[in-house]
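Presented below is the structure to which this report refers.
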Amino acid sequence: MRDLTLHLYRELLLSFKQEGYKFITTCIFSSKAKLLMLRHDVDSWPSNALQMAMIENKLGIKAIYYFRVKKISLDLKILQQIRLLGHAIGYHYEDLCDFNGNINLAYQRFAKNLHYLRKYTEIKTIAMHGRPLSKWDSKDIWKTYSYKELGIEFEPYLDIDYTKVAYLTDTAGCWDGEKFSVRDNVKSTFHIPASTTFDLIELLTRGDIPNNILINVHPARWNDNLAKWMFRKYILTLPKLKAKEFIKKVRNKK
């Protein structure tokens with residue numbers, strides 16, 4: 001069976017619900033409860049994000065959708081539809097990469113893009129977009145400036161203690177793609193031995209998933225349509241994974 005289909009995504013959500021997890025859109029976790037922050041990075045194909053948002057809405061689940069301010073990601077009509085379904089919207093920023101490391105210009109663009117998005121919806125959270133081919137890490141803006149002063153409540157890479165919260169991401173088209181991920185990773189004390197979504201569901205049913213967890217799901221990766229699924233996996237994903245693996249090897253040698 002194919003992994004990364006919307007049908008299977010729904011099964012994953014149902015499994016979390018059946019195991020008693022509560023879905024949250026703030027970064028306040030508690031070891032006394034089963035809490036899951038469901039985060040979506042809308043890097044491209046925003047129509048996929050809307051399909052996910054509708055599935056979640058029907059299940060009574062709220063998630064956070066982070067949009068880039070790029071044509072490939074931002075569809076204002078879809079953004080507003082997702083917001084009306086009860087989900088939170090965040091800014092998926094990459095401004096330091098856009099300005100080749102110029103922190104002052106990057107911050108100015110960040111503030112401008114944030115103001116633009118806030119014309120259409122409430123924005124209380126932001127998350128860095130990795131841009132693996134760039135040598136710049138956009139989180140470095142916050143070594144000089146403060147996003148809190150702009151009314152941002154949290155940045156999941158910076159405001160969550162991953163010694164207490166597990167982190168999973170499908171960034172490599174699987175759940176154990178650490179060797180490929182350039183920036184979509186955290187220093188965590190947890191290791192969840194799941195490669196496929198089928199593995200993850202099995203771990204859930206056995207009770208082998210931590211109580212507090214953040215899952216980063218990229219909607220563009222998940223397709224029921226076979227042609228779209230194959231295009232994403234074999235044309236877009238596999239060549240990118242080889243490039244990411246090479247970049248990590250080069251940077252690790254420095």
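What you see below is based on every heavy atom in this structure, not just the backbone, and it leaves out hydrogens, waters and symmetry mates.
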- Tyr145 and Asn104: side chain donor to acceptor below 3.5 Å: yes
- Task: With side-chain hydrogen bond (donor to acceptor under 3.5 Å, both in side chains) as the test, would you mind laying out the steps for Asp95 and Ser138 before giving the verdict?
- Result: CA-CA 6 Å; Asp95 305 280; Ser138 285; over 6 Å; no
- The reported gap from CD1 in Ile123 to CG in Leu117 (rounded to nearest 0.5 angstrom) is 5.0 Å
- Query: What do the steps show when you test Glu56 against Tyr65 for side-chain hydrogen bond (donor to acceptor under 3.5 Å, both in side chains), and what is the final call?
  - Reply: CA-CA 12 Å; Glu56 292 156 355; Tyr65 285 79; 2.6 Å; yes
- Item | N/O donor-acceptor pair under 3.5 Å between Asn223 side chain and Leu6 backbone | no
- Task: Validate the cation-pi geometry between Arg131 and Trp136: distance from NZ or CZ to the six-membered ring centre under 6.0 Å, angle to the ring axis within 45°.
- Result: no
- Message: For the CD1 atom on Ile28, are there more than 12 heavy atoms of other groups (residues, nucleotides or ligands in this structure) within a distance under 6.0 Å?
- Response: no
- So, does His87 use its side chain to make a donor-acceptor pair with the main chain of Ala63 at under 3.5 Å? yes
- Same cluster for Met54 and Leu13 if Ile/Leu/Val/Met/Phe/Trp/Tyr side chains link at under 4.5 Å? yes
- Item | Residue pair Thr169, Trp175: steps toward the side chain to side chain contact (heavy atoms under 4.5 Å, CB included) verdict | CA-CA 6 Å; Thr169 177; Trp175 296 109; 5.5 Å; no
- Message: Closer than 3.5 angstrom, by distance alone: can the side chain of Asp41 be matched with the main-chain N or O of Asp43 as a donor-acceptor pair?
- Response: no
- Message: I'd like to know whether Phe16 forms a side chain to side chain contact (heavy atoms under 4.5 Å, CB included) with Ile201, so could you lay out the CA-CA distance, the side-chain angles of the two residues, the decisive distance to 0.1 Å, and finally the verdict.
- Response: CA-CA 8 Å; Phe16 272 107; Ile201 291 173; over 6 Å; no
- Is a side-chain donor or acceptor of Asn48 paired with a backbone partner of Pro219 at a separation under 3.5 angstrom? yes
- Could you tell me whether a side-chain N or O of Glu94 sits under 3.5 Å from a main-chain N or O of Met128, the two making a donor and an acceptor? no
- Going by side-chain heavy atoms closer than 4.5 Å, which hydrophobic residues are tied to Leu105, directly or by a chain of links? Phe99
- Message: Taking the six-membered ring of Phe154 as reference, does the cationic atom of Lys124 (NZ for Lys, CZ for Arg) lie under 6.0 Å from its centre and within 45° of its axis?
- Response: no
- Pairwise distance CE(Met230) to CG(Asn225) - rounded to 0.5 angstrom: 11.0 Å
- Message: Any side-chain to backbone donor/acceptor pair from Lys17 onto Leu59? Under 3.5 Å, distance only.
- Response: yes
- What's the verdict on side chain to side chain contact (heavy atoms under 4.5 Å, CB included) for Lys112 and Gln108, showing C-alpha distance, side-chain angles and the deciding distance? CA-CA 6 Å; Lys112 180 180 179 181; Gln108 291 173 26; over 6 Å; no
- Message: Tell me if the aromatic rings of Phe67 and His92 count as close, with their centers under 6.0 Å from one another.
- Response: no
- Greater than 12 external heavy atoms within 6.0 Å of Arg83's CZ: yes
- Side-chain donor/acceptor of Asp75 to backbone N/O of Pro46, under 3.5 Å: no
- Item | Heavy-atom neighbours of Lys164 NZ exceed 12 at 6.0 Å | no
- Task: Inspect the contact between Arg118 and Glu122 and indicate whether a charged nitrogen and a carboxylate oxygen are less than 4.0 angstrom apart.
- Result: no
- Query: Can you tell me if NZ on Lys70 sees more than 12 non-hydrogen neighbours from other groups inside 6.0 Å?
  - Reply: yes
- Evaluate the side chain to side chain contact (heavy atoms under 4.5 Å, CB included) criterion for residues Leu12 and Leu204: first the C-alpha distance (whole Å), next the side-chain angles of each, then the deciding distance (0.1 Å), finally the verdict. CA-CA 9 Å; Leu12 177 63; Leu204 266 167; 4.1 Å; yes
- Message: Please evaluate residues Thr125 and Tyr91 with respect to the criterion side-chain hydrogen bond (donor to acceptor under 3.5 Å, both in side chains), reporting the C-alpha separation (whole Å), side-chain torsions for both, the decisive distance (0.1 Å), and the verdict.
- Response: CA-CA 7 Å; Thr125 177; Tyr91 175 29; over 6 Å; no
- Query: Are the side chain of Asp199 and the backbone N or O of Pro193 linked by a donor-acceptor pair below 3.5 Å?
  - Reply: no
- Asn212 side chain to Ala33 main-chain N or O, any donor-acceptor pair under 3.5 Å? yes
- Message: Between Asp159 and Tyr147, is the side-chain hydrogen bond (donor to acceptor under 3.5 Å, both in side chains) condition met? List the steps.
- Response: CA-CA 12 Å; Asp159 293 307; Tyr147 51 82; 2.6 Å; yes
- Classify the ring geometry between Phe110 and Tyr107 as parallel (under 30°), tilted (30 to 60°) or perpendicular (over 60°). parallel
- Message: A side-chain contact here means heavy atoms from C-beta on lying under 4.5 Å apart; do Cys174 and Ser195 qualify?
- Response: yes
- Message: Quick check against the 3.5 Å criterion: does Arg221 have a side-chain atom that pairs as donor or acceptor with the backbone of Asp170?
- Response: yes
